[in-house]
Amino acid sequence: MGTIADYTGGSILESISKALHFFDSTEGPLTQDEKGQHLLQNIKEFEPLILSLNQAAEYICNATSIAIGESVCRALHPESALTESVFLNELAVAMASVGKARMATLEEAEECLQKSSGHPLIISKVSGRYLEICPSYQPYCVYRQAEKRGLHCLQRKI
Ligand code: SF4
């Protein structure tokens with residue numbers, strides 16, 4: 001499971017980098033692949049859910065603190081277009097305290113996510129709670145790469 005310390009310290013990037021390398025170094029469906037299944041179990045610990053804009057706004061409204069910062073995966077792809085995520089509650093405070101995000105208002109967070117039209121909004125559990133909403137960018141989104149290779153990890157929030 002990814003923890004707040006993994007996000008602030010950057011070790012989450014090592015896991016993401018390994019996953020992306022695995023996808024790049026293999027071909028075709030990974031449903032019968034042992035390493036693929038192991039990766040799927042790790043991914044599922046984040047319990048990622050696809051949100052509508054309204055559902056994302058509800059999480060933001062209920063948050064005690066909000067921050068906006070570069071989507072975590074983008075650090076591995078600085079040449080790509082900037083995509084920003086919304087961090088909530090204790091993750092927001094922690095990311096802002098290490099300069100990886102800036103504290104934001106509810107309106108700013110909603111505006112940030114509205115800009116991402118065309119990309120599915122995905123919320124992930126960090127340290128066991130839903131604290132990160134990302135406008136997933138397919139070329140480097142681990143979840144979406146996994147789905148493309150038959151490792152089903154994404155569900156739509158009902
Ligand atoms: S939702 Fe996808 S692109 Fe965003 S941080 Fe998670 S894995 Fe990376």
Side-chain angles (χ1 to χ4, degrees), residues 1-26 30 35-60 63 66-96 98-102 104 109-157:
M1 153 125 14
T3 65
I4 291 173
D6 294 334
Y7 276 61
T8 54
S11 61
I12 190 72
L13 286 178
E14 288 170 33
S15 312
I16 292 168
S17 178
K18 275 187 198 162
L20 293 177
H21 176 72
F22 174 65
F23 291 133
D24 285 346
S25 60
T26 52
L30 294 167
K35 281 189 183 165
Q37 287 303 317
H38 182 67
L39 175 59
L40 179 60
Q41 291 317 309
N42 289 341
I43 290 174
K44 280 185 168 175
E45 290 187 3
F46 291 83
E47 299 181 45
L49 293 174
I50 298 174
L51 301 181
S52 67
L53 199 51
N54 284 346
Q55 288 169 328
E58 206 175 318
Y59 277 99
I60 293 169
I66 305 166
I68 296 172
E70 180 184 52
S71 297
V72 173
C73 289
R74 187 177 175 266
L76 297 169
H77 303 272
E79 73 292 349
S80 64
L82 176 66
T83 52
E84 292 191 302
S85 295
V86 171
F87 304 107
L88 306 173
N89 302 335
E90 57 268 40
L91 181 61
V93 174
M95 291 295 269
V98 295
K100 293 187 174 179
R102 59 192 181 280
E110 287 182 347
E111 194 182 322
C112 167
L113 295 181
Q114 275 164 5
K115 281 190 219 154
S116 72
S117 61
H119 304 289
L121 296 176
I122 299 179
I123 192 164
S124 299
K125 278 190 174 176
V126 182
S127 288
R129 295 182 62 203
Y130 281 115
L131 298 179
E132 178 196 27
I133 305 175
C134 177
S136 58
Y137 183 59
Q138 180 156 8
Y140 55 72
C141 178
V142 174
Y143 302 144
R144 296 179 68 194
Q145 292 288 327
E147 285 281 338
K148 268 175 62 179
R149 306 294 293 277
L151 302 176
H152 298 302
C153 58
L154 285 173
Q155 296 197 30
R156 195 167 282 278
K157 183 175 168 66

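Every number for a ligand or one of its atoms is a count from 1 in the order of the listing.
Annotation: side chain of E132 is in contact with side chain of V72 (closest heavy-atom distance under 4.5 Å). No side-chain heavy atom of Y7 sits less than 4.5 Å from a side-chain heavy atom of L131. Between Y59 and K157, the closest side-chain pair of non-hydrogen atoms falls below 4.5 Å.
Remark: the Y140 side chain and the S71 side chain contain no N/O donor-acceptor pair separated by less than 3.5 Å.
Distance from atom 4 (Fe) of ligand 1 to its nearest protein heavy atom, with residue and atom name: C134 SG, 2.3 Å. The nearest protein atom to atom 6 (Fe) of ligand 1, hydrogens excluded, is given as Y143 CE1, 3.7 Å; this is a heavy-atom distance.
With a cut-off of 2.8 Å, atom 4 (Fe) of ligand 1 has no N, O or S atom of C73 in range.
Contacts with ligand 1 closer than 4.0 Å are made by heavy atoms of both the backbone and the side chain of C141.
Heavy-atom separations between R74 and ligand 1 are all 4.0 Å or longer.
For ligand 1, the atoms closer than 4.0 angstrom to any heavy atom of V142 are 7 (S). Residue E132 has at least one heavy-atom neighbour below 4.0 Å for each of these atoms of ligand 1: 5 (S).
For the side-chain hydrogen bond (donor to acceptor under 3.5 Å, both in side chains) with E84, the qualifying choice from R74, K115, R102 is R102, the only one to do so.
Within the cation-pi definition used here (under 6.0 Å to the ring centroid, within 45° of the axis), K125 does not qualify as a partner of F46.
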